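Report on one structure; see the data block that follows.
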Amino acid sequence: MRSAFTVLFEQLKYFYLVRRLSLYEIKSNTSSNYLGMAWELIQPAIQIAIFWFVFGFGIRGRAPIGDVPFFHWMLAGIVVWFMISQSILKGTKSIYSNVRILSKMNFPMSVIPNYHIFAQLYPHLVLLGCVLVLMQFLGYGASLHYLQLPYYLFGTLAILFSITLITSTLATIAQDVHKFIQSIMRMLLYLSPILWPPQTLDQDWIVTIMKLNPFYYIIEGYRQAILGNGWYFIDQWEYTLYFWGITIVLFIMGSYLHVKFRRHFVDFI
């Protein structure tokens with residue numbers, strides 16, 4: 001627990017640095033592109049169009065999900081996936097890629113995965129805003145359910161930081177971890193409720209196993225908030241307790257591993 005309080009205190013104390021480094025990360029990633037930040041919207045738009053064509057037209061034959069058209073259903077859930085995927089992939093290799101330079105600077109290494117996550121936050125907010133505007137024209141107007149979005153966004157940041165504390169530490173010790181995480185993220189795209197509804201499966205136990213994935217909670221929460229279908233974190237209060245329990249456990253584990261090995265990160269490279 002001492003390690004968890006140490007890491008948490010470091011995030012609060014150096015939050016200004018996390019914000020500045022995240023903005024610098026965005027600028028450095030887009031400075032060499034003619035379209036700059038526009039690629040943060042173009043790339044997700046291309047992927048959404050491909051998934052919609054393959055799964056909406058090809059596999060499902062334009063069949064809706066309940067009373068919701070497939071495109072609307074998919075869009076409301078996939079909007080947060082881009083942030084989740086990129087944050088974990090970039091957060092995992094963040095310490096290994098920067099440890100030689102950043103170890104010479106006077107701030108804790110625990111902020112390194114965090115600022116990579118925040119670098120994905122700003123494009124996510126822009127994409128989320130575009131999706132909410134688009135939903136107004138698709139027949140899903142603004143509602144009080146939007147008030148849930150800040151809660152799910154905070155939950156997304158919390159679980160991402162907890163996971164990347166673990167993966168960034170392990171990836172610095174063994175570089176193969178990053179390759180493994182890449183494969184896991186590809187798998188989770190299809191095992192999360194993004195491109196198809198797990199409720200169509202006849203075996204309820206498979207759905208229960210899929211819900212062990214904490215991102216299932218985040219994606220469904222986003223979807224119900226955007227589509228105005230309910231208050232997911234209240235209706236599924238047992239799942240809410242599970243999600244935060246998993247997040248806290250992962251944060252404690254990640255903090256312990258990070259604090260234990262961070263003095264030796266340079267030795268592993």
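Numbers for residues simply follow the sequence, beginning at 1. Computed from a predicted model, the values in this text were never measured in an experiment.
Side-chain N or O atoms of S22 include one that pairs as donor or acceptor with a backbone N or O of R19 at under 3.5 Å. Using a distance-only test at 3.5 Å, with no hydrogens or angles considered, no donor-acceptor pair links the side chain of Y217 to the main chain of Y232. A distance-only check finds a donor-acceptor pair linking the side chain of Q136 to the backbone of A142 [under 3.5 Å]. Judged by distance alone, the side chain of Y152 and the main-chain N or O of F233 form a donor-acceptor pair under 3.5 Å. With hydrogens and angles ignored, the 3.5 Å screen pairs no side-chain donor or acceptor of S85 with any backbone N or O of W81. With hydrogens and angles disregarded, no donor-acceptor distance shorter than 3.5 Å links the side chain of W52 to the backbone of F70. Checking side-chain atoms of S87 against main-chain N and O of I84 turns up no donor-acceptor pair under 3.5 Å. Judged by distance alone, with hydrogens and angles left aside, the side-chain atoms of Q224 form no donor-acceptor pair with the main-chain N or O of H145 at under 3.5 Å.
Contact check for P108 versus V111: side-chain heavy atoms found under the 4.5 Å cut-off. Looking at F55 and M74, their side chains never come closer than 4.5 Å, going by heavy atoms from C-beta outward. No side-chain heavy atom of V54 sits less than 4.5 Å from a side-chain heavy atom of L195. Considering only heavy atoms from C-beta on, N213 stays 4.5 Å or farther from L191 through its side chain. Contact of the W73 side chain with the R223 side chain is registered, since non-hydrogen atoms from C-beta on lie closer than 4.5 Å. Side-chain atoms of L153 and L125, non-hydrogen and from C-beta on, do get closer than 4.5 Å to each other. Counting only heavy atoms from C-beta outward, the side chains of F154 and Y151 never approach each other to under 4.5 Å. Here the side chains of H124 and T156 are not in contact, with every heavy-atom distance at 4.5 Å or above.
For the atom pair L250 CG and S255 OG, the distance stands at 10.5 Å (nearest 0.5 Å). Put simply, CD on Q11 and CG on L17 are 10.0 Å apart, with the number rounded to the nearest 0.5 Å. Summarising the geometry, atom OG1 belonging to T92 is positioned 10.5 Å from atom NE2 belonging to H116; distances are rounded to the nearest 0.5 Å. Between T247 atom OG1 and I252 atom CD1 the span is 11.0 Å, to the nearest 0.5 Å. Note that CD1 of I163 and CZ of F251 are 13.5 Å apart. Values are rounded to the nearest 0.5 Å. From I88, atom CD1 reaches atom CD of Q120 across 11.0 Å, with rounding to the nearest 0.5 Å.
Using a 4.5 Å cut-off between side-chain heavy atoms of Ile, Leu, Val, Met, Phe, Trp and Tyr, with links allowed through other members, V133 and L41 fall into different hydrophobic clusters. With hydrophobic clusters built from ILVMFWY side chains whose heavy atoms lie under 4.5 angstrom apart, L144 shares a cluster with L132. Under a hydrophobic clustering in which Ile, Leu, Val, Met, Phe, Trp and Tyr are joined whenever their side-chain heavy atoms come within less than 4.5 Å, directly or via other members, F9 and Y16 fall into different clusters. Residues L134 and I194 are members of one and the same hydrophobic cluster, defined by side-chain heavy-atom contacts under 4.5 angstrom among Ile, Leu, Val, Met, Phe, Trp and Tyr. Transitive grouping of hydrophobic side chains (ILVMFWY, heavy atoms separated by less than 4.5 Å) keeps L165 and L12 in distinct clusters.
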Exercise. Tell me, with the steps shown, if M135 and I226 meet side chain to side chain contact (heavy atoms under 4.5 Å, CB included).
Key: CA-CA 8 Å; M135 284 295 180; I226 293 174; 3.8 Å; yes
Exercise. Begin from the C-alpha positions of F215 and L189 and carry the test side chain to side chain contact (heavy atoms under 4.5 Å, CB included) through to its verdict.
Key: CA-CA 10 Å; F215 296 126; L189 173 63; over 6 Å; no
Quiz item: Are F71 and I48 close enough, and set up right, to give a side chain to side chain contact (heavy atoms under 4.5 Å, CB included), and what steps lead you there?
Solution: CA-CA 9 Å; F71 177 76; I48 289 171; 4.0 Å; yes
Exercise. In sequence, state the C-alpha distance, the side-chain angles, and the governing distance for Q148 and W231, and then conclude on side chain to side chain contact (heavy atoms under 4.5 Å, CB included).
Key: CA-CA 7 Å; Q148 301 173 85; W231 303 88; 3.3 Å; yes
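Of the listed residues (F15, Y24, Y14), just one forms a ring pair (Phe, Tyr, Trp, His ring centres under 6.0 Å) with F118, and that residue is F15.
Under a cut-off of 6.0 angstrom, the local environment of OH in Y146 is crowded, with over 12 non-hydrogen atoms contributed by other residues, nucleotides or ligands. Taking a 6.0 Å sphere around CZ of F5, one finds it holds 12 or fewer heavy atoms contributed by other residues, nucleotides or ligands.
Between G77 and I219, the shortest heavy-atom contact is O-CG2, 3.7 Å. For the residue pair L89 and H178, the shortest heavy atom distance occurs at O-NE2, 3.4 Å. For I166 against G254, the heavy-atom pair with the smallest separation is CG1-CA, 3.4 Å. Scanning all heavy atoms of the two residues, the minimum distance from A158 to W244 falls at CB-CZ3, 4.0 Å. The shortest heavy-atom contact between H72 and L227 is O-CD2, 4.1 Å. The two residues A225 and S143 make their nearest non-hydrogen contact at O-OG, 4.5 Å.
A salt bridge does not link E10 to K13: none of the charged nitrogens lies less than 4.0 Å from a carboxylate oxygen.
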